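One structure is given below, encoded as structure tokens.
Because the structure is predicted, anything quoted here is derived from the model rather than measured. Side chains included, hydrogens not; waters and symmetry mates left out as well; all remaining heavy atoms used.
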Amino acid sequence: MSACSSLPACLKLAELRDTLTTEQSARWSEVKAAYVRTQTLGGPEGDPIARAVAALGLLADRVAAVESAIDRAVDPRRLIANTVNRHAARSGPALEEH
């Protein structure tokens with residue numbers, strides 16, 4: 001990647017070539033998220049009121065993502081499946097030997 005002028009450029013090139021390592025992929029995701037965040041918030045020169053409103057919108061999106069993750073984690077279907085799997089694991093070979 002010596003032909004790159006900056007880390008983001010190198011990571012973008014590796015993405016286009018489909019040669020990103022796991023570490024590079026994680027870093028590239030961070031770089032893209034930071035860029036989107038900066039653009040969403042209006043950049044450093046943006047109107048302070050517009051940046052504050054954008055920040056609130058971004059915060060609302062993040063709260064919604066957390067809510068969605070919690071909903072998935074406590075999904076009754078998932079809880080039932082985990083309970084069945086735990087009981088099956090406990091009642092496996094150990095109980096059959098007796």
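Between the CD atom of Gln24 and the CZ atom of Arg27 there is a distance of 11.5 Å, given to the nearest 0.5 Å. One distance of note links CH2 of Trp28 with CG of Leu7; it measures 8.5 Å at 0.5 Å rounding. In this structure, the separation between CG on Leu11 and CD on Glu15 is 9.0 Å, given to the nearest 0.5 Å.
Annotation for Leu56: hydrophobic cluster partners, listed by chain and number, are none (ILVMFWY side-chain heavy atoms under 4.5 Å, direct or chained).
Nearest heavy-atom pair, Ser25 versus Leu20, reported as atom, atom and distance to 0.1 Å: CA-CD1, 4.0 Å.
The backbone N or O of Ala64 sits nowhere less than 3.5 Å from a side-chain atom of Ser68 that would complete a donor-acceptor pair.
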